[in-house]
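Below: one structure, written as structure tokens.
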Amino acid sequence: MAGTGLFSEILDGEVYKYYADGEWKTSSSGKSVAIINPSTRKTQYKVQACTQEEVNSVMELSKSAQKSWAKTPLWKRAELLHKAAAILKDNKVPIAESLVKEIAKPAKDSVTEVVRSGDLISYCAEEGVRILGEGKFLLSDSFPGNERTKYCLTSKIPLGVVLAIPPFNYPVNLAVSKIAPALIAGNSLVLKPPTQGAVSCLHMVHCFHLAGFPKGLISCITGKGSEIGDFLTMHPAVNCISFTGGDTGISISKKAGMIPLQMELGGKDACIVLEDADLDLVASNIIKGGFSYSGQRCTAVKVVLVMESVADELVEKVKAKVAKLTVGPPEDNSDITAVVSESSANFIEGLVMDAKEKGATFCQEYKREGNLIWPLLLDNVRPDMRIAWEEPFGPVLPVLRINSVEEGINHCNASNFGLQGCVFTKDINKAMLISDAMETGTVQINSAPARGPDHFPFQGLKDSGIGSQGVTNSINLMTKVKTTVINLPTPSYSMGDGLIARL
Ligand code: NAP
């Protein structure tokens with residue numbers, strides 16, 4: 001059970017502690033932040049509301065711990081990460097239980113998230129020892145006007161303190177996707193977990209603690225992003241911010257100093273369906289892509305753009321599958337569970353009502369109880385409706401009928417977002433042209449958008465982000481290139497003659 005056994009150390013009465021200097025601590029603020037269970041709408045857990053002084057102290061400790069960590073051999077860093085991954089996987093049950101309670105993720109998917117996170121940490125450790133163990137050797141005479149008098153050696157060095165801020169929907173996975181690359185690259189790490197998801201993150205951090213990482217290297221500061229977020233992101237000790245979330249990321253980017261940013265933000269992933277597509281395959285992918293975790297995924301299918309000639313048939317197929325989705329508590333592994341908060345449910349309802357007023361066709365009756373919204377497919381959506389452009393982050397999916405491929409591409413490219421998109425057709429040549437024309441970080445051909453596998457590059461264009469994720473790209477983003485140049489008094493060519501004469 002969460003907060004018991006191996007994890008009893010992280011709980012103080014009914015409030016979870018924060019993690020600093022290798023210890024679990026109670027904040028001097030005397031205040032806590034309540035985590036509301038989305039299903040029951042009652043307080044499930046409480047976490048510390050950390051103070052600015054506590055942030056300052058964590059940053060100081062983090063700076064000094066990083067200095068010795070950077071001198072720790074790469075293989076040793078990897079060994080500790082493998083250990084943390086094993087402990088995390090061994091403790092998947094209590095961590096998954098807190099995911100169920102604080103973000104209403106179906107029980108089976110919660111376990112999958114923890115196991116996938118352990119795999120990500122191990123993969124990162126393996127990738128890190130390879131790519132960080134390699135550098136470059138350059139010779140000066142390849143650039144015009146130079147003789148071979150300079151040997152340039154390059155290697156990758158850590159940035160310093162990395163601040164990681166993940167969102168509520170994959171709090172554990174999106175935290176470790178920042179923690180593991182930061183640590184293997186020799187950085188220290190300060191985690192600010194999402195409020196909904198904080199307890200799962202604290203359990204995950206305890207697994208790193210149990211693995212035996214040095215004191216101060218990893219810290220976890222809890223509190224509301226709206227209260228402590230600016231102080232963290234603008235803190236002078238921070239050398240890199242890796243953030244995943246919504247529009248908050250845009251304001252952080254404007255306020256942050258001259259440091260590398262990894263921003264993975266929202267999306268309005270389009271699914272373009274051509275006349276020759278396998279409509280059964282499309283329908284299954286729309287269900288998986290649009291309704292998994294109740295649509296609360298950055299890469300969820302968020303708008304279907306289907307050719308008019310096959311639209312009726314596709315809508316019927318999707319409707320039949322929507323009718324089979326189960327709705328209820330996450331503990332029962334229901335397909336559709338309560339969305340994360342009342343304000344999210346109200347926002348989704350606002351989009352639905354706007355579509356209703358403007359004449360969209362409701363394929364099911366709109367139904368809501370508390371934060372639980374029944375899956376809804378909206379047909380005949382037009383570009384003047386908000387749902388054609390905005391990210392509902394809920395189980396509501398709009399279908400726009402198009403008369404040409406160009407119309408679909410234009411709709412996709414008119415969005416502020418550019419995360420992923422997908423196209424369904426049996427014609428690979430057309431698919432490639434469409435992929436090139438779509439202004440998104442990734443295009444999936446004949447499958448719904450997806451972030452994994454976690455070693456694939458993952459990036460958004462426009463308001464969907466800065467930089468690229470995926471294990472290798474994250475490690476590279478969290479390092480800097482350092483060069484040392486050896487200058488020779490005379491040019492030296494291997495196997496060149498006259499060597500003895502010059503010596
Ligand atoms: P969010 O509201 O932007 O919150 C994300 C994180 O930012 C949370 O940890 C939040 O903490 C924190 N935060 C809030 N205000 C802050 C501030 N002023 N300074 C620093 N941090 C602050 O996003 P969300 O609702 O958790 O997640 C949903 C969004 O994430 C969607 O837009 C989705 O598309 C996007 N997302 C993108 C990806 C991707 O890889 N592209 C993946 C998953 C999700 P609190 O919880 O304490 O407020």
Side-chain angles (χ1 to χ4, degrees), residues 18 32-36 38 47-50 55 102-103 105 113 163-175 177-178 190-201 220-235 238 241-256 261-269 292-302 339-341 343-345 347-348 390-394 415-420 440-442 449-452 454 456-470 473-474:
Y18 77 101
S32 63
V33 178
I35 298 174
I36 310 295
V47 292
Q48 308 291 326
C50 291
V55 171
E102 58 184 344
I103 61 163
K105 183 166 280 189
E113 176 171 345
L163 173 65
I165 307 182
F168 81 83
N169 59 345
Y170 289 88
V172 174
N173 185 258
L174 289 173
S177 74
K178 303 170 188 317
V190 177
L191 172 68
K192 162 29 207 142
T195 295
Q196 303 287 142
V199 169
S200 318
C201 280
C220 186
I221 288 284
T222 51
K224 281 192 182 155
S226 53
E227 285 168 16
I228 204 152
D230 281 355
F231 193 72
L232 277 161
T233 53
M234 293 197 282
H235 201 285
V238 171
I241 302 174
S242 177
F243 175 92
T244 307
D247 289 351
T248 316
I250 298 176
S251 53
I252 293 175
S253 306
K254 288 180 181 149
K255 288 184 225 161
L261 300 177
Q262 187 178 42
M263 293 282 155
E264 293 295 341
L265 312 182
K268 184 74 183 170
D269 294 7
S292 297
Y293 187 35
S294 308
Q296 298 173 112
R297 293 166 52 248
C298 55
T299 53
V301 169
K302 291 185 186 134
V339 296
V340 71
S341 64
S343 62
S344 287
F347 175 76
I348 297 162
E390 294 179 43
E391 185 187 32
F393 233 59
S415 170
N416 290 339
F417 294 118
L419 192 57
Q420 286 208 0
T440 60
T442 303
R451 193 165 54 84
D454 287 324
F456 280 12
F458 178 57
Q459 54 281 317
L461 306 184
K462 300 190 270 186
D463 284 354
S464 289
I466 305 175
S468 178
Q469 280 195 100
N473 287 347
S474 292

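One-based numbering, in listed order, for ligands and for the atoms of each. If you're wondering where the values come from, they're calculated on a predicted model, not measured in any experiment.
Assignment of Pro166 to the shell around ligand 1 is supported, since a heavy atom sits closer than 4.0 Å. Heavy atoms of Gly197 stay at 4.0 angstrom or farther from ligand 1. In this structure, Tyr170 has no heavy atom closer than 4.0 Å to ligand 1. Look at Arg297 and you'll find every heavy atom at least 4.0 Å from all atoms of ligand 1.
Between Arg451 and ligand 1, no N or O atom pair is found at a separation short of 3.5 Å. Here's the thing with Lys192: one of its N/O atoms is less than 3.5 angstrom from an N/O atom of ligand 1. Polar contact check, Phe168 against ligand 1: a nitrogen or oxygen pair lies under 3.5 Å apart. Looking at ligand 1, you won't find any N or O of Asn169 less than 3.5 Å from one of its N or O atoms. At least one N or O atom of Thr195, backbone or side chain, sits closer than 3.5 Å to an N or O atom of ligand 1. Considering backbone and side-chain atoms together, Gly225 places an N or O closer than 3.5 Å to an N or O of ligand 1. Taking only nitrogen or oxygen atoms, main chain and side chain alike, Pro167 does not reach within less than 3.5 Å of ligand 1.
Each of the following atoms of ligand 1 lies closer than 4.0 Å to a heavy atom of Pro194: 8 (C), 9 (O), 46 (O). Those atoms of ligand 1 that come under 4.0 Å of a heavy atom in Glu264, given as number and element, are 37 (C), 38 (C), 39 (C), 40 (O), 41 (N). Remark: ligand 1 atoms within the under-4.0 Å shell around heavy atoms of Gly223 are 47 (O). Atom numbering of ligand 1 starts at 1 in the shown order; those under 4.0 Å from a heavy atom of Glu391 are 31 (C), 32 (O), 33 (C), 34 (O). Counting the atoms of ligand 1 from 1 in the order shown, those under 4.0 Å from a heavy atom of Ile252 are 19 (N), 20 (C). Close approach to Gly266 involves these atoms of ligand 1, each under 4.0 Å from a residue heavy atom: 32 (O), 34 (O).
Residue Lys224 touches ligand 1 through its backbone alone, judged by heavy-atom distances below 4.0 Å. Residue-level proximity to ligand 1 for Ile165 is carried by the side chain, the only part with a heavy atom below 4.0 angstrom. With a 4.0 Å heavy-atom cut-off, ligand 1 is reached by the backbone of Leu265 but not by any atom from C-beta on. The proximity of Leu419 to ligand 1, defined as any non-hydrogen pair under 4.0 Å, is limited to the side chain. Here Ser464 has no heavy atoms under 4.0 Å from ligand 1, in either its backbone or its side chain. When non-hydrogen atoms are compared, ligand 1 lies under 4.0 Å from the side chain of Phe393 (C-beta onward) but not from its backbone. Looking at Leu174 against ligand 1, only its side chain comes within 4.0 Å, counting heavy atoms.
Counting only non-hydrogen atoms, the option in Pro193, Gly267, Cys298 that gets closest to atom 39 (C) of ligand 1 is Cys298. The option from Thr244, Thr248, Asp269, Thr233 that lies nearest to atom 5 (C) of ligand 1, judged by heavy atoms, is Thr244.
There is a protein heavy atom closer than 4.0 angstrom to atom 7 (O) of ligand 1.
Listed by chain and number, the residues in a salt bridge (charged side-chain N to carboxylate O under 4.0 Å, His left out) with Lys255 are Asp230 (sequence neighbours excluded).
Considering Ile221, Ile252, Thr233, Leu191 in turn, Thr233 is the only one that fulfils the side chain to side chain contact (heavy atoms under 4.5 Å, CB included) rule with Leu163.
Judged by distance alone, with hydrogens and angles left aside, the side-chain atoms of Gln459 form no donor-acceptor pair with the main-chain N or O of Ile466 at under 3.5 Å.
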